[in-house]
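Accompanying notes for the structure given below.
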Number of protein chains: 2
Amino acid sequence: MSDTPTLPPRKAAKAITAKTGTGRGVRPSSGRVTLGDVAKLAGVSAMTVSRVINRPESVTPEIQTIVRKAIAETGYVPNLLAGGLASSRTRLVAAVVPTLTHVLFSGAIQALTDRLAMDGYQMLLGLSGYPSEREDNLLHAILSRCPDALYLTGTTHSPETRRQLRAARIPIVETWDLSHKPIDMAVGFSHQAVGRGIAEYLHARGYRRVAVFSAEDERATIRRDGIVDTLGALGVTDVTCVTTPAPSSLAMGRDALGRLLTGGFRGAIHCSSDSMAHGVVLEAQARGLSVPGDIAVIGFGDLDFAAYMSPPLSTVRIDRFAIGRLAAEALLDRLADKPVAQKVVDVGFEIVERATT
Amino acid sequence: MSDTPTLPPRKAAKAITAKTGTGRGVRPSSGRVTLGDVAKLAGVSAMTVSRVINRPESVTPEIQTIVRKAIAETGYVPNLLAGGLASSRTRLVAAVVPTLTHVLFSGAIQALTDRLAMDGYQMLLGLSGYPSEREDNLLHAILSRCPDALYLTGTTHSPETRRQLRAARIPIVETWDLSHKPIDMAVGFSHQAVGRGIAEYLHARGYRRVAVFSAEDERATIRRDGIVDTLGALGVTDVTCVTTPAPSSLAMGRDALGRLLTGGFRGAIHCSSDSMAHGVVLEAQARGLSVPGDIAVIGFGDLDFAAYMSPPLSTVRIDRFAIGRLAAEALLDRLADKPVAQKVVDVGFEIVERATT
DNA sequence: TCTTATATTGTTAGCGCTCACAATAGCGCT
DNA sequence: AGCGCTATTGTGAGCGCTAACAATATAAGA
């Protein structure tokens, strides 16, 4: 008795577990039904039930029927934590985006999630915020969940982040920006090329005096530099740059134009977002200036309202849904061990000429 | 020999595992570092390492230091699948929304995710689509991941969905709509009250001829009915209702107004979204009608651009971030076993009078 | 007829972690 | 000194599932 003082309670505990699990039939809804419960009811082994769920083609139709009936009867819901732990496949894809308040990001996530759902994958969402200082922590938290693949926004990461990403050894797709060498795969466009495109467009349209209003955002800055450099190469040096805090808004456009006009500016303005461009147009009109006569405006994003402003806004269109969808497909190909056609996919951009330029 | 033909290979397999796990020091990055690896390096038990991570206050500072050093050295990333399986707490909250393309939803998800992240919870995102026929399957997939809590959009669910939800026995918050009895908790506003508010507002402003353009969306329909009923009670019976396909758009507003004008309509129009209202304003202006003189317009949502249209759009503002934040707090309170102040939180709405009414 | 290949089901041993408890150390008190 | 008390660490078992293999049944081939 003295050498096994701990056994009785343990045995008791075991007995209780066993009773709860195997007593009379099936646990209705408490403590959750397990594979074993279903197996017992169906008169097969747990493994067979698992097979019916995951690889039904390897089980005879008769047994499948019996098992499915048992599943329905018990209201069995699989536990993917246990499944993932056992198989090291979670069917989970994690996405990191700065914010959902921007339709470019939320649209891409929408397309990504939809496409992944088709193949039975689910989305773990992480918001990094704009300064993305949280990225390290966020990534750590995300990797703790063992996602099968990763969708990232942007291609600049801290050394620590990059180390974590490499260590994870899972398919990774970086999006939006193609300016750096991707860790694994990339889907997006070249912000520099967009800048060049805008510059060439404005130059071709005859504008020789240009202002750029851009948010303090890394990618907006790359576009701005692309514009400035290209214009410089084309001989246009009268370029004014205005930088505004990160989430650019309509109000910022109004403000920035107001300040710029005190210098008597006339010419073309590119705004790093359509919202800001909208503000510029409204401010110009409010001051009795003609658009595009006195002030020409070209935005970025082709947001919902751009085509319906008066006058309709010239802008740059990015296919945000294509980014999400193509990113999903790149990841799915890798997850299915299919050969990946191209590691870097450029979705390009389109300069949409409307009436403000 | 004949009774143990299977032992040799198993033992071999075991030995390999053991070697890989405990060989010389620590696995650099392959096969993932485990708690045990860290424990061995730190010279403590696995449980102590677990405590340092999860309840550091229960471990002496000296040992904490040693363990943290070992964690850093090995680059240990916890496996929350295993942790969740063992503790039946996943620190995961799942959200189901129809779409992210609508800022009302994506904004709420943004606020929800941000607030949850503060308390160390992460977001599992499910998109149900508008017809939400996928909700059953989606929910099944989500519950398989054992989230600690659930955020749902809308309060109408199929019987099967409701059964699954009850069986899950986790905190659930339903959002946007307060018209039904919540399964557990609810954060949102009454669409009926919004309809009443709009009707009373338009009536007070003197409008006696009203049209309602609403998307084929359940909640938009409730608002519409609220308008019609209230106007009726106020003696206004000249109400025209136009229904458009689900995701309402600017173009639909233009179309709908075009058709309505063939009947010589003059009066006030409510649109179930600001986008549609924008279209109505533009179409009216294109036809030389004065807004609000000939056609008054009031939208819904107070989207970004509403305040900056010309004329600025009257609309109904919902605090989408408040919904996400309050929903998160309701769930967190429940998860922390705090008493929940109120099971139903009405964030209300605000009629924003601008220049189109 | 007796292998040998093929299909289907069952068995065993963990995946990596945490719970519940046991063991030990350190403290003050009578 | 001896007692109990608290604080800290360790131990054993198992969460629910699936990989890998074993076992069996069945069909095909020599």
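Just so we're clear, the structure is a prediction, and the values are computed from it rather than from any experiment. Here is how names work: the chains are called A, B, and so on, in the same order as the sequence lines, proteins then strands, and each is numbered from 1.
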Counting only side-chain nitrogens and oxygens, does A/Thr60 get under 4.0 Å of the OP1 or OP2 atom of C/dT9?
yes
Hey, what do you get for CG (B/Leu139) to CG (B/Leu165), rounding to the nearest 0.5 Å?
5.0 Å
Using a 4.0 Å heavy-atom cut-off, does A/Ser45 contact any base of the nucleic acid, only the sugar-phosphate backbone, or nothing at all?
base
B/Thr48 side chain, from C-beta outward: closest of C/dT8, D/dG10, C/dC17
D/dG10
Quick one: are A/Pro182 and A/Met185 in side-chain contact, heavy atoms under 4.5 Å?
no
So, with a heavy-atom separation below 4.0 Å from DNA chain D, the residues of residues 61-70 of chain A are none
Using the test side-chain contact (heavy atoms from CB on, under 4.5 Å), find all partners of B/His180 that sit at least two apart in sequence or belong to another chain.
B/Thr155, B/Thr156, B/Glu218
How large an angle, rounded to 10°, do the end axes of the helix from C/dT1-D/dA30 to C/dT30-D/dA1 enclose when each is built from five base pairs?
50°
How would you list, by chain and number, every residue that makes a salt bridge (charged side-chain N to carboxylate O under 4.0 Å, His left out) with B/Asp114, sequence neighbours excluded?
none
Expected rows: protein N/O vs nucleotides 18-20 of chain C N/O, under 3.5 Å:
from   : atom 1 : to      : atom 2 : distance (Å)
C/dT18 : OP1    : B/Asn54 : ND2    : 2.7
C/dT18 : OP2    : B/Ser50 : OG     : 2.4

Rounded to the Å, how far apart are A/Arg91 CZ and D/dT18 P?
12 Å
Tell me which residues in residues 139-148 of chain A lie within less than 4.0 Å of DNA chain C, going by non-hydrogen atoms.
none
Could you go through residues 116-124 of chain B and list every donor-acceptor pair under 3.5 Å that involves a side-chain atom there, pairing it with any protein atom two or more places apart or in another chain?
from     : atom 1 : to       : atom 2 : distance (Å)
B/Asp119 : OD1    : B/Arg115 : NH1    : 2.9
B/Gln122 : OE1    : A/Arg145 : NE     : 3.0

Quick one: list whatever passes side-chain contact (heavy atoms from CB on, under 4.5 Å) with B/Val345, sequence neighbours left out.
B/Val187, B/Leu326, B/Gln342
Rounded distance in Å - CG (B/Leu85) to P (D/dA13):
18 Å
Could I get the full list of side chain to side chain donor-acceptor pair (under 3.5 Å) partners for A/Thr99, not counting sequence neighbours?
A/Thr101, B/Gln110
Is there any side chain to side chain donor-acceptor pair (under 3.5 Å) pair reaching into residues 158-167 of chain A, and which pairs are they, with sequence neighbours excluded?
A/Asp136-A/Ser158, A/Asp136-A/Thr161, A/Ser158-A/Thr161, A/Glu160-A/Arg163, A/Glu160-A/Gln164
Whole-Å distance between D/dG16 P and A/Asn79 CG?
7 Å
Taking only distance into account, with no hydrogens and no angle test, what donor-acceptor pairs under 3.5 Å do side-chain atoms of residues 61-68 of chain A form with protein atoms, sequence neighbours excluded?
from    : atom 1 : to      : atom 2 : distance (Å)
A/Gln64 : OE1    : A/Arg68 : NH2    : 3.0
A/Gln64 : NE2    : A/Pro56 : O      : 2.8
A/Gln64 : NE2    : A/Val59 : O      : 3.1
A/Thr65 : OG1    : A/Pro61 : O      : 2.8

Check nucleotides 5-7 of chain C for protein N or O atoms closer than 3.5 Å to its own N or O atoms and list the pairs.
none

